[in-house]
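To keep things clear, I will list the structure first and then write my remarks on it.
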Amino acid sequence: QAQLVESGGGLVQAGASLRVSCAPSGRTFSSYVMGWFRQAPGKEREFVAAVKWIDGSTYYADSVKGRFTISRDAAKNTGTLQMNSLKPEDTAVYYCATDSPHRIAYSYASPDEYAYWGQGTQVTVSS
(Lines give C-alpha, C1' and ligand atoms only; values in the text may rest on other atoms or scores of the structure.)
Protein backbone atom coordinates (compact mmCIF):
# COMPACT_ATOMS: atom_id res chain seq x y z
CA GLN A 1 0.00 0.00 0.00
CA ALA A 2 1.19 3.49 -0.83
CA GLN A 3 2.53 5.75 1.89
CA LEU A 4 1.44 8.80 -0.07
CA VAL A 5 -1.65 9.49 -2.14
CA GLU A 6 -1.76 11.47 -5.36
CA SER A 7 -4.91 13.02 -6.69
CA GLY A 8 -5.99 15.24 -9.55
CA GLY A 9 -4.84 13.32 -12.59
CA GLY A 10 -6.98 12.90 -15.64
CA LEU A 11 -7.37 13.19 -19.39
CA VAL A 12 -6.95 16.61 -20.95
CA GLN A 13 -6.25 18.16 -24.31
CA ALA A 14 -2.90 19.61 -25.26
CA GLY A 15 -2.49 23.10 -23.89
CA ALA A 16 -4.74 22.46 -20.92
CA SER A 17 -3.81 22.53 -17.25
CA LEU A 18 -3.98 20.04 -14.44
CA ARG A 19 -3.12 20.20 -10.79
CA VAL A 20 -2.04 17.09 -8.94
CA SER A 21 -1.72 16.91 -5.20
CA CYS A 22 0.06 14.68 -2.74
CA ALA A 23 -0.74 13.85 0.85
CA PRO A 24 0.23 11.22 3.40
CA SER A 25 -1.86 8.07 3.49
CA GLY A 26 -3.38 7.48 6.89
CA ARG A 27 -0.70 9.31 8.81
CA THR A 28 1.33 12.48 9.04
CA PHE A 29 5.09 12.59 9.08
CA SER A 30 7.80 15.10 8.41
CA SER A 31 10.01 15.16 5.38
CA TYR A 32 12.74 17.41 4.07
CA VAL A 33 12.04 17.10 0.36
CA MET A 34 9.01 16.26 -1.72
CA GLY A 35 9.58 15.26 -5.29
CA TRP A 36 7.44 14.53 -8.31
CA PHE A 37 8.40 11.92 -10.85
CA ARG A 38 6.69 10.52 -13.89
CA GLN A 39 6.93 7.31 -15.83
CA ALA A 40 5.59 6.52 -19.25
CA PRO A 41 5.24 2.94 -20.51
CA GLY A 42 8.58 1.51 -21.50
CA LYS A 43 10.51 4.44 -20.11
CA GLU A 44 12.58 5.13 -17.04
CA ARG A 45 11.11 6.99 -14.14
CA GLU A 46 11.84 10.64 -14.82
CA PHE A 47 12.39 13.47 -12.40
CA VAL A 48 9.91 16.32 -12.74
CA ALA A 49 10.26 18.69 -9.81
CA ALA A 50 11.17 18.89 -6.14
CA VAL A 51 10.53 21.26 -3.27
CA LYS A 52 12.45 21.64 -0.05
CA TRP A 53 9.92 21.64 2.75
CA ILE A 54 11.62 24.02 5.12
CA ASP A 55 11.82 27.01 2.81
CA GLY A 56 9.91 26.10 -0.33
CA SER A 57 12.93 26.24 -2.62
CA THR A 58 12.31 24.40 -5.86
CA TYR A 59 14.07 22.52 -8.61
CA TYR A 60 12.72 21.56 -12.02
CA ALA A 61 13.61 19.31 -14.87
CA ASP A 62 14.38 21.25 -18.02
CA SER A 63 11.50 19.57 -19.81
CA VAL A 64 8.92 21.16 -17.52
CA LYS A 65 10.59 24.36 -16.40
CA GLY A 66 8.38 27.34 -17.09
CA ARG A 67 5.27 25.18 -17.42
CA PHE A 68 5.06 23.30 -14.12
CA THR A 69 5.12 24.73 -10.63
CA ILE A 70 5.73 22.72 -7.49
CA SER A 71 4.68 23.98 -4.09
CA ARG A 72 4.02 22.79 -0.60
CA ASP A 73 1.51 23.71 2.06
CA ALA A 74 3.17 22.97 5.37
CA ALA A 75 0.01 23.63 7.37
CA LYS A 76 -1.96 21.08 5.36
CA ASN A 77 0.98 18.74 4.97
CA THR A 78 0.35 18.51 1.26
CA GLY A 79 2.26 19.14 -1.92
CA THR A 80 0.98 20.33 -5.27
CA LEU A 81 2.22 20.18 -8.82
CA GLN A 82 0.54 22.69 -11.10
CA MET A 83 0.93 21.65 -14.72
CA ASN A 84 0.22 24.20 -17.42
CA SER A 85 0.54 24.10 -21.19
CA LEU A 86 0.44 20.34 -21.14
CA LYS A 87 1.86 18.44 -24.08
CA PRO A 88 1.23 14.88 -25.26
CA GLU A 89 4.77 14.03 -24.19
CA ASP A 90 3.75 14.84 -20.62
CA THR A 91 1.55 11.75 -20.63
CA ALA A 92 2.67 9.47 -17.83
CA VAL A 93 1.88 8.18 -14.40
CA TYR A 94 2.87 10.88 -11.96
CA TYR A 95 4.27 9.90 -8.60
CA CYS A 96 4.99 11.97 -5.55
CA ALA A 97 7.68 10.95 -3.14
CA THR A 98 9.28 12.12 0.08
CA ASP A 99 12.53 11.42 1.80
CA SER A 100 12.96 10.28 5.38
CA PRO A 101 14.50 12.04 8.39
CA HIS A 102 16.78 9.02 8.53
CA ARG A 103 17.83 9.41 4.92
CA ILE A 104 17.67 12.95 3.66
CA ALA A 105 17.56 13.46 -0.07
CA TYR A 106 20.54 15.38 -1.41
CA SER A 107 20.24 14.41 -5.04
CA TYR A 108 16.71 15.61 -5.65
CA ALA A 109 16.48 14.17 -9.14
CA SER A 110 17.28 10.60 -8.14
CA PRO A 111 14.38 8.27 -7.27
CA ASP A 112 16.76 6.33 -5.03
CA GLU A 113 16.88 9.29 -2.66
CA TYR A 114 13.22 8.96 -1.71
CA ALA A 115 11.87 6.59 0.90
CA TYR A 116 8.11 7.01 0.54
CA TRP A 117 6.02 6.88 -2.61
CA GLY A 118 2.48 7.14 -3.77
CA GLN A 119 0.85 4.71 -6.17
CA GLY A 120 0.74 7.31 -8.90
CA THR A 121 -1.95 9.15 -10.79
CA GLN A 122 -2.43 8.92 -14.54
CA VAL A 123 -2.06 12.07 -16.59
CA THR A 124 -3.00 11.71 -20.23
CA VAL A 125 -2.66 14.57 -22.69
CA SER A 126 -4.30 14.17 -26.07
CA SER A 127 -3.30 16.01 -29.23
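Index from 1, following the sequence.
- Exactly one of Thr78, Thr80, Val51, Thr58 qualifies for a side chain to side chain contact (heavy atoms under 4.5 Å, CB included) with Ser71. That residue is Thr80.
- For the atom pair Asp99 CG and Ser107 OG, the distance stands at 12.0 Å (nearest 0.5 Å).
- With a 4.5 Å cut-off on side-chain heavy atoms, Glu113 and Arg103 count as touching.
- Nearest heavy atom pair, residue Tyr108 against residue Val33, reads CE2-CG2, 3.5 Å.
- The closest donor-acceptor contact from the side chain of Thr91 to the backbone of Pro88 lies under 3.5 Å.
- In Ile54, the CD1 atom is not crowded: 12 or fewer heavy atoms of neighbouring residues, nucleotides or ligands sit closer than 6.0 Å.
- The environment of Glu89 atom CD is dense: over 12 non-hydrogen atoms of other residues, nucleotides or ligands sit within 6.0 angstrom.
- When all heavy atoms are compared, the tightest approach of Asp55 to Arg72 is C-NH2, 3.7 Å.
- Of all heavy-atom pairs spanning Asp90 and Ser85, the tightest one is OD2-O, 4.4 Å.
- Judged by distance alone, the side chains of Ser17 and Asn84 do bring a donor and an acceptor atom under 3.5 Å apart.
- A distance below 6.0 Å separates the ring centres of Tyr59 and Phe47.
- At distances below 3.5 Å, not a single donor-acceptor pair connects side-chain atoms of Glu46 with backbone N or O atoms of Gln39.
- Donor-acceptor pairing under 3.5 Å is recorded for the side chains of Gln122 and Thr124.
- The two atoms that bring Gly120 and Val93 nearest to each other are CA-CG1, 3.7 Å, heavy atoms only.
- Taking each heavy atom of Leu86 and Arg67 in turn, the nearest pair found is CA-NH1, 3.9 Å.
- Under the 6.0 Å distance and 45° angle rule, Arg45 counts as a cation-pi partner of Tyr95.
- Ring pair Phe68/Trp36: centre-to-centre distance not below 6.0 Å.
- The shortest non-hydrogen separation linking Ala92 to Ala40 is CB-N, 3.9 Å.
- Panel note: side chain Arg19, backbone Gln82; no donor-acceptor pair is recorded below 3.5 Å.
- Distance check, rounded to the nearest 0.5 Å: CG of Leu81 to OG of Ser21 gives 9.0 Å.
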